[in-house]
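Inspection log for the structure reproduced underneath, given as structure tokens.
Chain identifiers are assigned alphabetically (A, B, ...) following the order of the sequence lines, protein sequences preceding nucleic acid strands; residue numbering begins at 1 within each chain. Keep in mind that this is a model prediction, so the values were computed, not measured.
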Protein chains: 2
Amino acid sequence: MSQMQSVEKQLREMILGLEIGPGEKLTERWIESRFGASRTPVRAALLRLETEGLVGRDGRGWTVSPINLAELEQIAVYREAVEVAALRLTCALADRSGVDVIEAMLESCDGNTAREEWHRVGMDFHIELARLSGNEFLFRAVRDAMTRLSRARWLEVRDEAALARAWAEHRAILAATRLGDADEAARQLSAHIVGSRYRLVTSLANDRRGLRARGFAVVAA
Amino acid sequence: MSQMQSVEKQLREMILGLEIGPGEKLTERWIESRFGASRTPVRAALLRLETEGLVGRDGRGWTVSPINLAELEQIAVYREAVEVAALRLTCALADRSGVDVIEAMLESCDGNTAREEWHRVGMDFHIELARLSGNEFLFRAVRDAMTRLSRARWLEVRDEAALARAWAEHRAILAATRLGDADEAARQLSAHIVGSRYRLVTSLANDRRGLRARGFAVVAA
DNA sequence: GATACCATTTTGGGATACCAAGATGGTATC
DNA sequence: GATACCATCTTGGTATCCCAAAATGGTATC
């Protein structure tokens, strides 16, 4: 694999994994030395990550995008539009066996599962569900939206009850989809996204002080 | 303005304006000499245009993306989801005076208007309409989708009747939006997009031979 | 002590040099 | 004439160099 993709991948993981905090300044030179690459692949990586919304320009320099509560709310509305559209397409498919694969994915999480894994599967649920629609654009839209939400979801204070609730909602969505009941599936998915958004934004707004103390830039709604 | 943005802008215009045909191979060196820039800005431009879907990698090299009829169909579905969502948001706004600005934009086209202008206003109608929603993500989704559709719409054989029809549909959408009638506005917009897609794909499929003769790569649905 | 000013450093943007891999084209062989 | 093979050229990827501008930090002035 070329080093360019490696820099991009590693840098993305550091940002998504909060090893580099939201709001931190980045210099091309630092990335260069940190990953042992030269500036050309570093710039390519930054340009790509910029379109993903993970880094942004700060005047002349680069900054890891802060967590923006207003943006999170807008993404939730966006997600609802594209995810529901994708789900309706999937419900209209003759072969909806893909839902079983996703169901199995959910089942793979139990009491022994690491938090990272719950986090990942929780996002992949939505991404893979969108992929079933067969529409490349809806799929990418969901994938990109989830990438943008990723750090915020990671920061969210999630308790066992919230996790169990989310998983139950996921299963309800799959059940309706399996039956091809588009309206019911769409209703369930909308409610799930709206509820998620509420809990996410509430959690972050409450914990804002704590997040700032950890050096994370959090922009108000 | 930096030269980088200039290369990107000029190259994008050449591609969208079909001065470089769909399917044509691009070399960084050619772009470099064509615009008098060095490879650094050229690479940045190509990376950006890649995320816009206007150029793609062809093994080791770069290619102007072909017109892909299957992709056009998928974009239409995608558009419908995001445009309708945006329009429903707009209908729920207290201040919908923005529709008047868009209406005026439509009025600016008459018998003396150049074809380029009709083309541009036809796209801007949808982009500006989405912007009214206030949701940055829905707006960008529509803008990017229209950019991808741009070349195809340019190739479409459009007659006076089709243009008049499209404008009438645009006005109907605005009228319902002005009244805040979200369901009616959504219905009108959906019908408009579905109709547009049908006429576009049909036109291109029929003219495929002619387009290939002009050296344009057109991939079947 | 605060502040205006200037030298120095650092930074991102651009240009150029170099390389390995792939495309090209000619040639020798059958 | 077709084909296998090899020298050459071209290409994208990477590294390095240069530059203008912005940030930095120290200093002199009030």
So what is the 5' to 3' dot-bracket string for DNA chain D, if pairs are Watson-Crick or G-U wobble with both distances under 3.5 Å, crossing pairs use [ ] and | means the partner sits on another strand? ||||||||||||||||||||||||||||||

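- At least one cation-pi condition fails for A/R43 and A/W62: the charged atom is not both under 6.0 angstrom from the six-membered ring centre and inside a 45 degree cone around its axis.
- For A/L26 and C/dG13, the CG to P distance is 13 Å, given to the nearest whole Å.
- Residue-level contact check: A/L46 touches neither bases nor backbone, having no heavy atom under 4.0 Å from any strand.
- The aromatic rings of A/H170 and A/F125 sit parallel, their planes meeting at an angle under 30°, below the 60° perpendicular limit.
- In terms of heavy atoms, A/Q74 sits closest to B/G134 at NE2-O, 2.8 Å.
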Using atom types as modelled, flag every donor-acceptor pair under 3.5 Å from a side chain in residues 83-90 of chain A to any protein atom, sequence neighbours excluded.
residue : atom : partner : partner atom : Å
A/E83   : OE1  : A/H126  : ND1          : 2.8
A/E83   : OE2  : A/R79   : NE           : 2.6
A/E83   : OE2  : A/R79   : NH2          : 3.1
A/R88   : NH1  : A/D183  : OD1          : 3.0
A/R88   : NH2  : A/D183  : OD1          : 3.3
A/T90   : OG1  : A/A86   : O            : 3.1
A/T90   : OG1  : A/S133  : N            : 3.3

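- The distance between atom CZ of A/R29 and atom P of D/dA23, rounded to the nearest whole Å, is 16 Å.
- Side-chain atoms of B/D159 come within 3.5 Å of backbone N or O of B/A162 as a donor-acceptor pair.
- A/T113 and A/D110 are linked by a side-chain donor-acceptor pair at a separation below 3.5 angstrom, with hydrogens and angles left out of the test.
- Rounded to whole Å, atom P of C/dA15 lies 14 Å from atom CD of B/E28.
- Set against C/dG14, C/dA21, D/dT16, the side chain of A/T40 has D/dT16 as its closest nucleotide.
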